[in-house]
Amino acid sequence: MINQEEFYFNNSVKKILADSVILFRKTGLNDLAQKWERILKNYVRKKITAPQ
């Protein structure tokens with residue numbers, strides 16, 4: 001079972017990455033937004049497939 005601190009940390013990382021993508025898109029930094037979006041997708045995929 002996942003502990004509370006790990007759950008909070010994972011959600012915080014995802015939120016920071018997602019918020020960054022939104023900010024980069026709003027400010028016209030589309031190349032940077034695409035890179036960070038790839039990082040976010042890879043992070044989520046690795047967390048889902050990581051052994052518990």
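Just so you know, these numbers come straight off a predicted model, no measurement behind them.
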State which residues pass side-chain contact (heavy atoms from CB on, under 4.5 Å) with [X]; sequence neighbours excluded, sorted by chain then number.
X     : result
Ser12 : Tyr8
Ile16 : Ser20
Leu23 : Thr27

Does one hydrophobic cluster hold both Leu29 and Ile22, with members joined at side-chain heavy-atom distances below 4.5 Å? no

Please say whether more than 12 non-hydrogen atoms of neighbouring residues, nucleotides or ligands are located less than 6.0 Å from CZ in Phe9. no

Could you grab the distance from atom CG of Leu32 to atom CD of Gln34, nearest 0.5 Å is fine? 10.0 Å

To check you understand the geometry: which heavy-atom pair defines the closest contact between Leu17 and Tyr43, and what is its length? CD1-CB, 4.4 Å

Among pairs that include at least one residue of residues 8-33, which meet salt bridge (charged side-chain N to carboxylate O under 4.0 Å, His left out), considering only residues two or more places apart or in two chains? Lys15-Asp19, Arg25-Glu37

